[in-house]
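Model, not experiment: these values are computed from the prediction. As the structure lists them, so they are numbered: ligands from 1, and atoms in each ligand from 1.
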Amino acid sequence: MDFEYIYLEEIDSTNKFAYDLGKQCKRNLVIVSKIQTSGKGRMDRTWISKEGGLYFSILMDISRVNPIEKINFLASVSVLETLKYFSNENFQIKWPNDILCNDKKICGILTELNVLKGYFVLGIGLNINNKIESSIKNVGTSLYCLEKENFDIKQIFEEFIKNFKVNLYMDNNAILEKYKTYSKTINSNVNLILPNKTVFGRVVEIDFNGIYLLNEKEISIYDVGDCIHLR
Ligand code: BTN
């Protein structure tokens, strides 16, 4: 799998840029920008993207990832393995695909699909060396930024691409097993915030269908939401 790379100084959103190129039938592109003026987060949030952080989007054909739900698992495992390579801090994945460093969010992932045209855009925002006040607006998530050492963004990006390409060809069970090893959410009690309500339960399983919440002997599966981990 070979990618073509586009490096930008500034853009509104690398996801938006890649999405537009997808409509023009472009594929296997990676867009990287030093700054985003209107970075997009999950659930219509904003991702503040000042200089120093790593912001990029990968544009690919949907057929390259089967099932397509696997993409978030692939991406979060690849980010986590990349960070572990450069730092000894404690990294974990909070379902669905937030990467935590010492329990605070260091990386967000936003995947957008265009089913009609058959492509997806995988957007990744990593707080490294960017002075964050808050990368996400309108949400009380604790954020983290690795800036103790002067990380080389280029090296981190290249390591991610290397890991992503390896994980892309791993079978589904292997990716799931890796994901669960790194998961903070599995076997935890959580409040899951859904668009219209909040549900409570113990997370007994995670797979490409979502999380399996056990509450009063009943298991329900959810594929969206924000997890609040309970002690
Ligand atoms: C989240 O809310 O956790 C997801 C944040 C995703 C941010 C990245 S930064 C690169 C790409 N371009 C965007 O506009 N968003 C994603």
| Salt-bridge contact K180-E205 (side-chain N to carboxylate O under 4.0 Å) | yes
| request: Provide the number and element of each atom of ligand 1 under 4.0 Å from a heavy atom of I109. | output: 3 (O), 4 (C)
| task | May I ask you to list the atoms of ligand 1 that are less than 4.0 angstrom from any heavy atom of S57? | result | 11 (C), 12 (N)
| query | Considering only heavy atoms, which of R42, E112, R45, K16 lies nearest to atom 1 (C) of ligand 1? | reply | R42
| task | For G22 and L59, work out which heavy atoms get closest and say how close. | result | N-CD2, 3.7 Å
| Tell me, which pairs form a salt bridge (charged side-chain N to carboxylate O under 4.0 Å, His left out) where one or both residues lie in residues 68-88, sequence neighbours left out? | E81-K178
| Where ligand 1 meets G39 - atom numbers and elements under 4.0 angstrom, heavy-atom basis | 14 (O)
| said: For ligand 1, which is the ligand I care about here, please tell me if W47 has any N or O atom under 3.5 Å from one of the ligand's N or O atoms. | reply: no
| field | Contact (N/O only, under 3.5 Å) between T14 and ligand 1 | value | yes
| query | In Å and rounded to the nearest 0.5 Å, what is the OG1 to CD distance from T46 to Q36? | reply | 11.0 Å
| Side chains of S183 and V203 in contact at under 4.5 Å (non-hydrogen atoms) | no
| said: Side chains of N191 and T198: any donor to acceptor distance under 3.5 Å? | reply: no
| query | Any N/O of S38 closer than 3.5 Å to an N/O of ligand 1? | reply | no
